[in-house]
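Let me begin by presenting the structure, written as structure tokens, before commenting on it.
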Amino acid sequence: GVSYVWAKAAKLPFASGSVTAVFEEGLLDSLSCTWEARDGRDAVKAVLAEVWRVLQDNGWLLVVGFGGGIERLPHESPWEVETLMSQAGFPSYILRKASGC
């Protein structure tokens, strides 16, 4: 089944490798608004690292954005971009955690 959990994005209450998919809507965009500041970059990296930690190999991060796009991911990002789409002008993408990384 599907479960919804309210938690801090950089400290998720799940064991490593225990989650199949994570849905994110607007958080990375909000954090990216301060992208030029070190705090913004660090916050985005912390959230992505935590999602990476809890996802199973081949797990999915589904992202719905409001302004930015895939270019807001850190350049050293290990995610594989599976799908990039735009719905009603909002950039959305599906990232996959490659197995063995």
Side-chain angles (χ1 to χ4, degrees):
V2 175
S3 298
Y4 297 93
V5 176
W6 183 274
K8 292 186 176 189
K11 189 171 175 143
L12 297 172
F14 303 108
S16 297
S18 64
V19 175
T20 305
V22 173
F23 176 77
E24 180 281 317
E25 182 178 10
L27 175 64
L28 295 178
D29 280 337
S30 296
L31 296 173
S32 296
C33 287
T34 59
W35 185 253
E36 295 304 319
R38 181 175 180 81
D39 289 347
R41 290 190 305 272
D42 290 347
V44 169
K45 289 178 182 179
V47 169
L48 290 173
E50 184 65 357
V51 170
W52 184 273
R53 181 189 69 78
V54 302
L55 280 178
Q56 301 170 353
D57 285 349
N58 294 309
W60 304 94
L61 171 57
L62 294 82
V63 178
V64 176
F66 295 103
I70 198 75
E71 70 277 358
R72 287 192 174 175
L73 288 177
H75 294 293
E76 66 277 7
S77 177
W79 298 95
E80 291 184 11
V81 180
E82 292 289 325
T83 306
L84 182 61
M85 60 192 131
S86 181
Q87 191 164 358
F90 299 124
S92 303
Y93 36 99
I94 300 172
L95 305 174
R96 185 173 65 87
K97 177 184 176 180
S99 63
C101 288

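In what follows, residues are counted from 1 in the order of the sequence shown.
- With sequence neighbours left out, Glu50 forms a side chain to side chain donor-acceptor pair (under 3.5 Å) with Arg53.
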Would you give me the side-chain donor-acceptor pairs under 3.5 Å for residues 17-24, sequence neighbours excluded?
{"from": "Ser18", "atom 1": "OG", "to": "Ala15", "atom 2": "N", "distance (Å)": "3.4"}
{"from": "Ser18", "atom 1": "OG", "to": "Ala15", "atom 2": "O", "distance (Å)": "2.6"}
{"from": "Glu24", "atom 1": "OE2", "to": "Gly26", "atom 2": "N", "distance (Å)": "2.9"}
{"from": "Glu24", "atom 1": "OE2", "to": "Leu27", "atom 2": "N", "distance (Å)": "2.4"}
{"from": "Glu24", "atom 1": "OE2", "to": "Leu28", "atom 2": "N", "distance (Å)": "2.9"}

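- Applying the side-chain contact (heavy atoms from CB on, under 4.5 Å) rule to Ala49 yields no partners; only residues at least two apart in sequence or on another chain are considered.
- Of all non-hydrogen atoms in Trp52 and Ala98, the two that sit nearest each other are CH2-N, 4.1 Å.
- Residues Trp79 and Leu95 approach most closely at CE3-CB, 3.7 Å, considering heavy atoms.
- Nearest approach of Ala10 to Val47, heavy atoms of both residues: N-CG2, 4.4 Å.
- Atom-to-atom distance recorded for Asn58:CG and Lys97:NZ is 9.5 Å, nearest 0.5 angstrom.
- When side chains are defined from C-beta on, Leu48 counts as touching Leu61, because their heavy atoms get closer than 4.5 Å.
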